[in-house]
Amino acid sequence: MTAVLNPATEETLADIPPAGVEETDAAVARARAAFPAWRAVAPTDRARLLRRLATLVEEHHEELSRIESRNVGKPIAGARGEVGMVAQVFHFYAGAVDKHHGETIPVGGGVDMTFREPLGVVGLITPWNFPLNIASWKLGPALACGNTIVLKPAELTPLSAMRLGELALEAGIPEGVVNIVPGKGSVVGQRLIEHPDVAKIGFTGSTEVGQQVMRGAAGTIKRVTLELGGKSANVIFADADLEKAAAAAPYAVFDNAGQDCCARSRILVERSAYDRFAELLVEATRNVKVGDPEDEASQMGPLISAQHRETVASFLTSDVRIAFRGEAPKGQGFWYPCVLVEASPDDRIAREEVFGPVAALIPFADEAEAVRIANDSAYGLSGSIWTRDGARALRVARAIDTGVLSINSNSSVRPSTPFGGFKQSGFGRELGMHALDGYSEVKNVFYSTEG
Ligand code: NAD
């Protein structure tokens with residue numbers, strides 16, 4: 001049995017029997033058997049089933065939010081927002097089923113047309129930081145395209161995905177189409193990657209495991225999409241609304257206790273505004289309410305595990321220049337405070353993903369240096385630009401090598417817009433109509449019209 005904990009209290013929430021290779025193979029076989037009938041469901045009926053699932057998520061909104069809050073240690077207000085997004089994602093893909101068109105292409109001697117065919121059985125492997133959200137980002141487009149699913153949630157946080165699997169059945173999605181298999185990455189995950197009947201792996205997690213997914217998938221030429229780590233830059237020019245940028249910056253790093261692949265954990269500030277901005281940022285960070293996730297006023301909960309807390313703490317070596325260290329509850333739970341550090345672009349803290357509530361403040365001289373520092377990273381997932389100069393905002397947005405950016409805002413994840421990384425943050429896109437490309441193959445058919 002695997003004990004699933006509440007990271008805020010260290011209490012056991014459930015004991016889950018971890019699946020092995022045999023259970024994984026059985027789930028793949030169920031998904032394979034369900035595929036022919038599922039792909040043949042008329043698009044409007046498939047859309048109706050996805051819409052019913054979205055509605056069930058809405059009806060179970062509070063229950064799912066509590067599960068997620070307790071299992072991940074998320075403040076309940078944030079968990080509610082995330083579950084709200086899960087419903088929106090299923091609504092979006094319900095609407096997308098019959099809008100993912102093929103083409104007709106002008107050719108001589110007949111008609112050439114393309115179809116979007118489902119891949120078959122897809123294996124979905126998800127992380128512990130946004131368990132239900134990330135599951136929905138993959139399930140929505142995969143189901144909309146007519147694939148069947150084996151989903152392996154993270155060992156630490158399987159509960160919300162398991163409940164979603166039950167709701168999928170309740171929605172009328174046929175048995176075998178959605179299979180949730182909790183278990184270890186090295187067992188269930190690895191088996192999905194190698195299984196000859198799995199056509200694709202949709203993976204979100206660390207860059208290190210992403211490399212293993214790619215290597216493992218080579219054996220069967222599986223399709224792979226990878227959503228991996230990040231070290232995103234929040235670039236603040238001196239002409240920005242500094243008050244607004246500073247008020248928003250803590251949420252962009254400390255939300256989900258910094259365990260967010262999109263965390264803008266490098267805060268780049270134009271030197272002439274650096275002192276003023278740092279002062280405002282320390283004040284805003286001091287106001288972040290760290291405490292019991294079930295308290296409606298809490299803004300930040302604990303880290304996911306004792307082991308992860310050790311990893312986060314290991315970044316704050318004695319040579320790191322700490323500008324501010326907040327408060328966190330003592331006693332039970334894997335608590336860690338918000339920390340702001342002053343850094344240079346070459347420091348470890350400015351280069352590696354901490355995946356905790358630690359932000360590095362880095363000064364820059366001018367626009368060219370801001371772009372150079374922002375791009376001086378193996379990652380390229382997300383980022384923000386704050387300036388009142390519209391031309392510069394667009395110039396810098398085009399120059400920064402990341403998949404997702406926001407200008408005068410830190411919000412860049414929406415059901416209808418593409419999400420994914422450049423460089424070692426991965427490839428393939430989730431959300432929006434773009435995600436459908438990753439869960440279908442283009443088939444080209446020529447039909448002769450010659451007599
Ligand atoms: P992880 O890579 O350790 O685990 C992710 C998933 O992979 C889990 O389900 C795990 O069980 C599974 N896994 C582990 N080893 C495996 C193996 N050998 N074969 C197959 N599956 C295996 O990542 P994590 O610690 O759960 O999550 C944190 C990481 O995820 C961070 O690096 C973060 O940036 C990244 N992340 C990225 C995004 C994104 O969209 N880009 C979103 C959330 C998290």
Side-chain angles (χ1 to χ4, degrees), residues 7-8 10 72-75 127-129 156 206-208 228-234 236 246 249-269 274-275 277-291 293 298-364 373-374 376-379 381-383 410 424:
E10 302 182 39
V72 190
K74 289 175 189 293
W128 46 258
N129 59 342
L156 297 171
S206 59
T207 296
E208 192 188 355
L228 309 175
K231 189 78 192 175
S232 297
N234 186 0
I236 291 136
Y251 188 76
V253 198
F254 305 129
D255 183 37
N256 215 37
Q259 304 164 123
D260 182 345
C261 52
C262 285
R264 275 85 165 155
S265 56
R266 291 186 296 155
I267 305 178
L268 276 48
V269 188
Y274 185 88
D275 289 345
F277 183 83
E279 202 179 302
L280 290 166
L281 180 64
V282 165
E283 222 25 63
T285 305
R286 200 188 301 282
N287 291 334
V288 175
K289 290 193 179 58
V290 185
S298 285
Q299 292 170 308
M300 190 175 109
L303 294 171
I304 191 69
S305 67
Q307 195 192 351
H308 188 54
R309 182 170 57 183
E310 270 178 41
T311 308
V312 170
S314 74
F315 280 89
L316 295 170
T317 44
S318 56
D319 55 327
V320 169
R321 286 167 285 147
I322 294 186
F324 175 78
R325 189 186 183 100
E327 300 285 330
K330 310 261 181 303
Q332 294 294 98
F334 311 122
W335 299 96
Y336 205 79
C338 297
V339 180
L340 298 172
V341 307
E342 297 195 278
S344 308
D346 291 337
D347 295 345
R348 177 177 177 230
I349 199 96
R351 306 198 71 78
E352 294 181 21
E353 185 181 45
V354 179
F355 224 55
V358 182
L361 268 162
I362 304 170
F364 65 83
I373 299 173
D376 182 17
S377 171
Y379 296 114
L381 186 55
S382 167
N410 298 317
Q424 290 185 32

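Just so you know, residue 1 is the first one in the sequence shown, and it goes up from there.
Across every non-hydrogen atom of A374 and L268, the tightest pair is N-CD2, 3.8 Å. The two residues G333 and E10 come nearest to each other via the heavy atoms N-OE2, 2.8 Å. Between K74 and N256, the shortest heavy-atom distance links the atoms NZ-OD1, 2.8 Å. In terms of heavy-atom proximity, V341 sits nearest to V320 at CG1-CG1, 3.6 Å. C338 approaches T285 most closely through the heavy-atom pair CB-CG2, 3.6 Å. Counting all heavy atoms, side chain and backbone alike, I349 lies closest to A343 at CG2-CB, 3.8 Å.
In this structure the side chain of P337 never reaches within 4.5 angstrom of the side chain of V290, judged on heavy atoms. The shortest distance between side-chain heavy atoms of F355 and T311 does not fall below 4.5 Å. Counting heavy atoms from C-beta on, the side chains of E208 and L228 never come closer than 4.5 Å. L316 has its side chain within reach of Y336: a pair of non-hydrogen atoms, C-beta onward, lies under 4.5 Å apart. When side chains are defined from C-beta on, V253 does not count as touching P357, because their heavy atoms never get closer than 4.5 Å.
The number of heavy atoms from other shown groups lying within 6.0 Å of CD (E327) does not exceed 12. Counting heavy atoms of neighbouring residues, nucleotides and ligands inside a 6.0 Å radius, atom OH of Y251 does not exceed 12 of them. In the displayed structure, Q424 atom CD is contacted under 6.0 Å by at most 12 heavy atoms of other residues, nucleotides or ligands.
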Margin query: Let's go through E353 and T207 carefully: what are the C-alpha distance in whole Å and the side-chain angles of both, what is the deciding distance for side-chain contact (heavy atoms from CB on, under 4.5 Å) to 0.1 Å, and is it a yes or a no?
Written below: CA-CA 10 Å; E353 185 181 45; T207 296; over 6 Å; no
Next item on the list: Assess whether side-chain contact (heavy atoms from CB on, under 4.5 Å) is satisfied between L281 and F324, documenting all intermediate values.
Entry: CA-CA 10 Å; L281 180 64; F324 175 78; over 6 Å; no
Next item on the list: Dump the intermediate steps for side-chain contact (heavy atoms from CB on, under 4.5 Å) on W128 and Q259, then the final yes or no.
Entry: CA-CA 9 Å; W128 46 258; Q259 304 164 123; 3.3 Å; yes
Margin query: Using side-chain contact (heavy atoms from CB on, under 4.5 Å), reason through R321 and D347 one step at a time and then give a plain yes or no.
Written below: CA-CA 11 Å; R321 286 167 285 147; D347 295 345; 3.9 Å; yes
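Under the 3.5 Å distance criterion, the side-chain polar atoms of R286 are left unmatched by any main-chain donor or acceptor of G326.
For R264 and Y379, the positive end is not near the middle of the six-membered ring at less than 6.0 Å and at most 45° from its axis.
With sequence neighbours excluded, the residues satisfying salt bridge (charged side-chain N to carboxylate O under 4.0 Å, His left out) with R348 are E352. For A8, the side-chain contact (heavy atoms from CB on, under 4.5 Å) criterion is met by N6, P293, P302, W335, not counting sequence neighbours.
Judged by distance alone, the side chains of D346 and S344 never bring a donor and an acceptor atom under 3.5 Å apart.
Taking CG of N129 as the reference point, atom CG of L303 lies at 12.0 Å (rounded to 0.5 Å). To the nearest 0.5 Å, atom CZ of residue R266 and atom CG of residue L361 are 12.5 Å apart. Going from atom CZ of R309 over to atom OG of S314 covers 13.0 Å, rounded to the nearest 0.5 Å. To the nearest 0.5 Å, the span separating OH on Y274 from CD1 on I362 amounts to 8.5 Å.
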